[in-house]
Amino acid sequence: MRTLREGLMTKRSQGKNKLLNKVQGFKFQDRYFVLNNESLSYYAGTAERRESLKGKILVANICNVCECPESQFGRKFMLEIEHTSCSLFTCALSDADRADWIEAIKDACQLNGRFGSRRDAPAPPVPSAAGPPPPLPPARPNSQHEDSVPPPTAPRPAL
């Protein structure tokens with residue numbers, strides 16, 4: 001498997017402990033990222049001493065990647081990697097490094113049919129071999145015609 005890009009970025013915690021996040025805020029930790037044509041993985045440690053695998057995102061599950069404004073987290077060079085289950089927020093080393101990561105991830109995902117769509121968007125329809133479905137009949141006008149008046153109700157019996 002060919003490595004497309006690798007390097008150090010700072011990753012924001014996923015925020016799984018909501019109470020702790022309210023008290024302490026989100027944590028940012030340095031992680032070593034490795035992108036290949038199948039996945040984006042991140043590890044504790046550095047390039048010289050890569051430690052345990054901390055997370056892995058399949059390239060097929062990446063929906064979008066984009067820059068984040070500095071105001072969103074108070075950090076420069078942020079990018080968001082949106083995938084099917086959540087978003088991963090990372091901080092590159094420079095503006096050029098961020099642009100290179102975004103381009104590399106987009107290149108790795110170019111054949112991914114979901115890339116560029118929102119993660120909650122429905123999957124595109126599968127084309128049928130029989131052709132498109134027949135057109136729907138025209139809608140009836142919404143005006144009051146004799147045939148659109150509801151039938152009268154039966155009188156209530158007296159008590």
Side-chain angles (χ1 to χ4, degrees), residues 1-139 142:
M1 204 171 327
R2 191 176 126 230
T3 298
L4 304 173
R5 183 162 178 79
E6 60 184 298
L8 193 65
M9 287 197 288
T10 304
K11 183 187 127 348
R12 189 196 78 164
S13 64
Q14 293 293 323
K16 293 176 184 167
N17 187 334
K18 294 184 187 220
L19 178 61
L20 190 60
N21 291 333
K22 285 184 179 182
V23 175
Q24 296 178 344
F26 288 99
K27 293 189 328 184
F28 286 84
Q29 292 185 325
D30 289 343
R31 296 288 182 232
Y32 190 77
F33 283 78
V34 178
L35 173 67
N36 60 44
N37 55 351
E38 291 182 6
S39 65
L40 175 66
S41 303
Y42 51 95
Y43 302 84
T46 63
E48 296 80 28
R49 197 169 136 233
R50 192 183 310 171
E51 296 174 13
S52 61
L53 177 69
K54 293 294 189 179
K56 183 176 190 175
I57 302 168
L58 296 177
V59 167
N61 291 341
I62 296 176
C63 305
N64 199 12
V65 59
C66 60
E67 294 182 11
C68 292
E70 185 177 336
S71 61
Q72 188 169 355
F73 297 105
R75 290 179 175 253
K76 292 183 176 186
F77 320 125
M78 291 290 297
L79 60 139
E80 176 183 7
I81 303 163
E82 185 179 344
H83 55 99
T84 52
S85 59
C86 63
S87 287
L88 178 71
F89 294 95
T90 63
C91 186
L93 300 175
S94 67
D95 194 39
D97 189 44
R98 173 175 59 185
D100 289 346
W101 272 108
I102 290 172
E103 182 179 346
I105 293 168
K106 284 182 177 180
D107 288 347
C109 297
Q110 71 183 12
L111 299 176
N112 177 0
R114 287 182 57 87
F115 188 72
S117 67
R118 294 181 42 184
R119 70 173 153 258
D120 58 352
V126 177
S128 170
L136 296 174
N142 197 12

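For the residue pair Lys56 and Ser39, the shortest heavy atom distance occurs at CE-OG, 3.4 Å. Taking both residues in full, the closest heavy atoms of Asn37 and Leu4 are given as N-CD1, 3.9 Å, listed atom of the first, atom of the second, then distance. Between Ser87 and Glu80, the shortest heavy-atom distance links the atoms OG-OE2, 2.7 Å.
In this structure the side chain of Trp101 reaches within 4.5 angstrom of the side chain of Leu35, judged on heavy atoms.
A donor-acceptor pair under 3.5 Å is formed between the side chain of Arg98 and the backbone N or O of Met78.
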Under the side chain to side chain contact (heavy atoms under 4.5 Å, CB included) criterion, do Val59 and Glu38 qualify, and how do the steps go?
CA-CA 5 Å; Val59 167; Glu38 291 182 6; 5.6 Å; no

Audit row: Phe33, Leu88, side chain to side chain contact (heavy atoms under 4.5 Å, CB included) steps and yes/no
CA-CA 12 Å; Phe33 283 78; Leu88 178 71; 4.1 Å; yes

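Taken from OG1 in Thr84 to CD1 in Ile57, the straight-line distance is 9.0 Å, to the nearest 0.5 Å. The CG atom of Asn61 lies 12.0 Å from the CD atom of Glu82; values are rounded to the nearest 0.5 Å. Distance check, rounded to the nearest 0.5 Å: CD of Glu67 to CG of Asp95 gives 6.0 Å. Atom CD1 of Ile81 is separated from atom SG of Cys66 by 9.5 Å, given to the nearest 0.5 angstrom. Atom CD1 of Ile105 is separated from atom CD1 of Ile62 by 6.0 Å, given to the nearest 0.5 angstrom. Rounding to the nearest 0.5 Å places OG of Ser13 at 11.0 Å from CZ of Phe89.
Within the structure, side chain to side chain donor-acceptor pair (under 3.5 Å) contacts touching residues 70-79 (residues at least two apart or in different chains) do not occur.
Between the side chains of Asn36 and Thr3, no donor-acceptor pair is found at a separation under 3.5 Å.
Both tests hold for Arg50 against Tyr43: distance to the six-membered ring centre under 6.0 Å, angle to the ring axis within 45°.
When the options Leu79, Leu40, Thr90 are evaluated for a side-chain contact (heavy atoms from CB on, under 4.5 Å) with Val65, the one that passes is Leu79.
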